[in-house]
Participant: 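Below is a structure I'd like to ask you about.
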Amino acid sequence: TGSTRPQRILRAVQKNSTRGSPCSVVNAIDDYCKHKEWAMNVGDEKGIIVDDVVLELKPITVLELGTYCAYSTVRIANLLPPEAKLITLEFNAESAAIAREIITWAGLEEKIQLIIGASGDWIPRLKEEFGIETFDLVFLDHWKDRYLPDTKLLEKCGLLKPGAVLLADNVICPGTPDYLDYVRNSPRYKSKFYRSHLEYTQEEDGLEHSVFLGMAGRGAE
Ligand code: SAM
Ligand code: MG
């Protein structure tokens with residue numbers, strides 16, 4: 001077809017949503033990915049769970065790991081208070097370029113800082129380069145074998161404060177067994193599972209919601 005899936009998603013946004021209306025952007029992407037071409041957005045069903053977590057927590061600082069086309073980025077940023085900031089990390093430059101266009105189309109560029117780079121390289125630099133103290137919410141949705149090492153890196157860098165929430169997508173499909181084992185058994189977290197389905201399918205999937213309690217048990221590993 002001579003184009004990439006992110007480019008086709010951007011075209012669907014430009015054609016079927018209203019500039020400056022984040023909800024219409026989210027709806028246009030869901031519609032395209034349900035009826036034309038599956039894509040790895042958190043999607044409409046799990047998206048409602050994400051919305052509820054954001055609305056209840058009212059985070060001021062949010063970190064997203066894995067932007068792709070900025071579906072979840074737009075969905076989350078639209079629910080944040082005006083003073084809040086969302087930093088999103090994406091290491092695929094082509095996806096990041098599309099994400100930037102979609103964020104601008106949605107009118108949310110003031111609230112969102114999109115960083116092109118790998119989570120493992122950038123997490124240790126966030127305090128210095130972006131003046132972040134801690135994050136209130138981290139949405140983990142990048143490659144599944146990175147959830148656990150990046151969580152430990154966030155802890156080590158002092159980026160989590162007690163009460164911070166880690167919300168992890170796809171913990172069943174494709175699955176993140178080492179991460180689930182960690183957050184469910186570590187004294188540093190209180191963790192619960194939200195049962196749902198893989199985006200745009202009936203496959204079982206879900207989100208894991210883990211409240212960071214503090215560095216109790218430090219040195220135990
Ligand atoms: N959160 C997005 C949404 O729901 O709309 C979907 C993100 S998609 C499932 C995962 C993305 O993470 C891919 O675009 C991939 O390039 C990116 N990614 C994977 N590992 C990464 C890493 N270690 N650092 C930065 N980006 C990463
Ligand atoms: Mg996902």
Side-chain angles (χ1 to χ4, degrees), residues 4-10 12-13 17 22-23 25-34 37-51 53-54 62-79 86-103 105-106 108 112-126 137-154 166-176 179-180 193-201 203-209:
T4 64
R5 189 175 314 187
Q7 286 168 341
R8 294 189 289 276
I9 290 173
L10 171 62
V13 165
S17 78
C23 289
V25 169
V26 164
N27 289 336
I29 298 175
D30 281 331
D31 188 59
Y32 182 79
C33 295
K34 260 192 226 172
E37 200 174 7
W38 185 92
M40 57 180 166
N41 322 121
V42 70
D44 52 348
E45 188 186 341
K46 287 182 292 181
I48 290 171
I49 300 170
V50 174
D51 292 352
V53 169
V54 172
V62 182
L63 175 65
E64 175 177 73
L65 303 178
T67 317
Y68 190 47
C69 296
Y71 170 91
S72 54
T73 319
V74 166
R75 188 161 187 138
I76 294 169
N78 184 43
L79 299 176
L86 189 163
I87 293 179
T88 184
L89 293 183
E90 173 56 57
F91 67 13
N92 181 306
E94 196 231 301
S95 302
I98 298 291
R100 206 177 290 287
E101 294 211 45
I102 291 180
I103 289 165
W105 181 275
L108 288 168
I112 297 166
Q113 176 97 47
L114 169 62
I115 303 174
I116 305 178
S119 52
D121 297 335
W122 275 95
I123 287 169
R125 298 165 62 181
L126 293 174
L137 174 66
V138 181
F139 181 54
L140 298 94
D141 193 21
H142 54 335
W143 295 162
K144 307 314 158 193
D145 60 353
R146 290 299 310 179
Y147 285 27
L148 182 56
D150 284 343
T151 294
K152 290 182 175 171
L153 195 53
L154 287 164
L166 304 183
L167 186 61
D169 190 26
N170 307 109
V171 297
I172 303 301
C173 184
T176 58
Y179 175 81
L180 278 189
F193 177 65
Y194 289 98
R195 176 189 291 275
S196 187
H197 299 96
L198 180 69
E199 50 268 26
Y200 317 118
T201 76
E203 289 283 302
E204 257 191 59
D205 191 19
L207 293 154
E208 187 78 5
H209 176 287

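For reference, positions follow the sequence shown, starting with 1. First listed ligand is number 1; within each ligand, the first listed atom is number 1.
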Participant: Below 4.0 angstrom from a heavy atom of D141, which ligand 1 atoms are there? Numbered from 1 as shown, please.
Facilitator: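 Taking each heavy atom of D141 in turn, ligand 1 has 1 (N), 2 (C), 3 (C), 4 (O), 6 (C), 7 (C), 8 (S), 9 (C), 10 (C) under 4.0 Å.
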Participant: Please state whether I29 comes within less than 4.0 angstrom of ligand 1, counting heavy atoms only.
Facilitator: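 Outside the 4.0 Å threshold, so no.
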Participant: Once the angle between the rings of H142 and Y147 is folded into 0 to 90°, is it parallel (under 30°), tilted (30 to 60°) or perpendicular (over 60°)?
Facilitator: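 Because their plane-to-plane angle is under 30°, the rings of H142 and Y147 count as parallel.
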Participant: Checking side-chain contact (heavy atoms from CB on, under 4.5 Å) against V13, which of V74, I29, I98, N27 comes through?
Facilitator: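 That would be I29.
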Participant: Determine, step by step, whether R100 and I103 satisfy the side-chain contact (heavy atoms from CB on, under 4.5 Å) criterion, reporting the C-alpha distance in whole Å, the side-chain angles of both residues, the deciding distance to 0.1 Å, and the verdict.
Facilitator: CA-CA 5 Å; R100 206 177 290 287; I103 289 165; 5.6 Å; no
Participant: Are S72 and E64 close enough that a side-chain donor and a side-chain acceptor fall under 3.5 Å?
Facilitator: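 Yes - a donor-acceptor pair under 3.5 Å links their side chains.
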Participant: Show me which atoms of ligand 1 lie under 4.0 Å from any heavy atom of N92.
Facilitator: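 Ligand 1 atoms under the 4.0 Å threshold to N92: 16 (O).
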Participant: Any idea which protein heavy atom is nearest atom 12 (O) of ligand 1, and the distance to it?
Facilitator: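 For this ligand atom, the closest protein heavy atom is G66 CA, 3.3 Å.
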Participant: Report the part of D169 (side chain from C-beta onward, or backbone N, CA, C, O) that has a heavy atom under 4.0 Å from ligand 1; answer both or neither where that applies.
Facilitator: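 For D169, no heavy atom sits under 4.0 Å from ligand 1.
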Participant: Is a donor from one side chain sitting under 3.5 angstrom from an acceptor on the other, for Y68 and D141?
Facilitator: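 Side-chain D/A pair, Y68 to D141: absent.
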Participant: Salt bridge or not for D150 and R146, using N-O below 4.0 Å?
Facilitator: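 Yes.
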Participant: What protein heavy atom sits nearest atom 8 (S) of ligand 1, and how far away is it?
Facilitator: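 Protein heavy atom at minimum distance: M40 SD, 3.5 Å.
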Participant: Mind checking whether A118 has an N or O less than 3.5 Å away from an N or O of ligand 1?
Facilitator: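 Checking ligand 1 against A118, no N or O pair falls under 3.5 Å apart.
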Participant: Kindly indicate, with the supporting measurements, whether the criterion side-chain contact (heavy atoms from CB on, under 4.5 Å) is fulfilled by L167 and D169.
Facilitator: CA-CA 7 Å; L167 186 61; D169 190 26; over 6 Å; no
Participant: Taking 4.0 angstrom as the limit and counting only heavy atoms of S119, give me the atoms of ligand 1 inside it, by number and element.
Facilitator: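 Ligand 1 atoms under the 4.0 Å threshold to S119: 22 (C), 23 (N), 24 (N), 25 (C).
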Participant: Could you tell me whether R146 and ligand 1 have an N or O pair separated by under 3.5 Å?
Facilitator: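 So ligand 1 has no N or O lying under 3.5 Å from an N or O of R146.
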Participant: Is there a nitrogen or oxygen of D150 sitting under 3.5 Å from a nitrogen or oxygen of ligand 1?
Facilitator: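 Not met; the criterion fails.
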Participant: Strictly distance-based, threshold 3.5 Å: is any side-chain N or O of R5 a donor or acceptor partner for the main-chain N or O of W38?
Facilitator: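 Flag set: sc R5 to bb W38 pair under 3.5 Å.
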Participant: Distance under 4.0 Å to a non-hydrogen atom of Y68: what atoms of ligand 1 satisfy this?
Facilitator: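 Under 4.0 Å from Y68, ligand 1 has these atoms: 6 (C), 7 (C), 8 (S), 14 (O).
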Participant: Mind checking whether K144 has an N or O less than 3.5 Å away from an N or O of ligand 1?
Facilitator: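 Among all N and O atoms of K144, none is under 3.5 Å from an N or O of ligand 1.
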Participant: Which is closest to atom 20 (N) of ligand 1 in terms of heavy atoms, W122, Y71, Y147, F91?
Facilitator: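 Of the listed residues, F91 has the closest heavy atom.
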Participant: Around the Mg ion (ligand 2), how many protein N, O or S atoms are there at under 2.8 Å?
Facilitator: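 Of the protein's nitrogen, oxygen and sulfur atoms, 3 lie under 2.8 Å from the Mg ion (ligand 2).
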Participant: Rounded to the nearest 0.5 Å, what separation is found between the OG1 atom of T67 and the CZ atom of F139?
Facilitator: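 Reported value, rounded in 0.5 Å steps: 11.0 Å.
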Participant: With a cut-off of 4.0 Å, which atoms of ligand 1 are near a heavy atom of G117?
Facilitator: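 Heavy-atom distances to G117 below 4.0 Å select 24 (N), 25 (C).
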Participant: Counting heavy atoms only, name the option from R75, K46, E90 that's nearest to atom 14 (O) of ligand 1.
Facilitator: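 Heavy atom nearest to atom 14 (O) of ligand 1 belongs to E90.
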Participant: Would you check if the side chain of E199 reaches a backbone N or O of G43 as a donor-acceptor pair within less than 3.5 Å?
Facilitator: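 No: the side chain of E199 does not pair with the backbone of G43.
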Participant: Going by atom types alone, do Y179 and D145 pair a side-chain donor with an acceptor below 3.5 Å?
Facilitator: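 No pair is found: no donor N or O on one side chain lies under 3.5 Å from an acceptor on the other.
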Participant: Working to the nearest 0.5 Å, report the span between OG1 of T73 and CG of L114.
Facilitator: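 One gets 7.5 Å once the value is rounded to the nearest 0.5 Å.
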Participant: Who's the nearest protein heavy-atom neighbour of atom 5 (O) of ligand 1, and how far?
Facilitator: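 Ranking protein heavy atoms by distance from atom 5 (O) of ligand 1, first comes S72 N, 3.1 Å.
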Participant: Please confirm whether V42 comes within less than 3.5 Å of ligand 1 when only nitrogen or oxygen atoms on both sides are compared.
Facilitator: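 Yes; at least one N/O pair falls below 3.5 Å.
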Participant: Could you tell me whether the side chains of E45 and S196 share a donor-acceptor contact shorter than 3.5 Å?
Facilitator: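 Their side chains do contain a donor-acceptor pair, which is all the 3.5 Å distance test asks for.
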Participant: Looking at D44 and K34, is any side-chain nitrogen of the basic one under 4.0 Å from a carboxylate oxygen of the acidic one?
Facilitator: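 Looking at D44 together with K34, the answer is yes, because their closest N to O distance falls below 4.0 Å.
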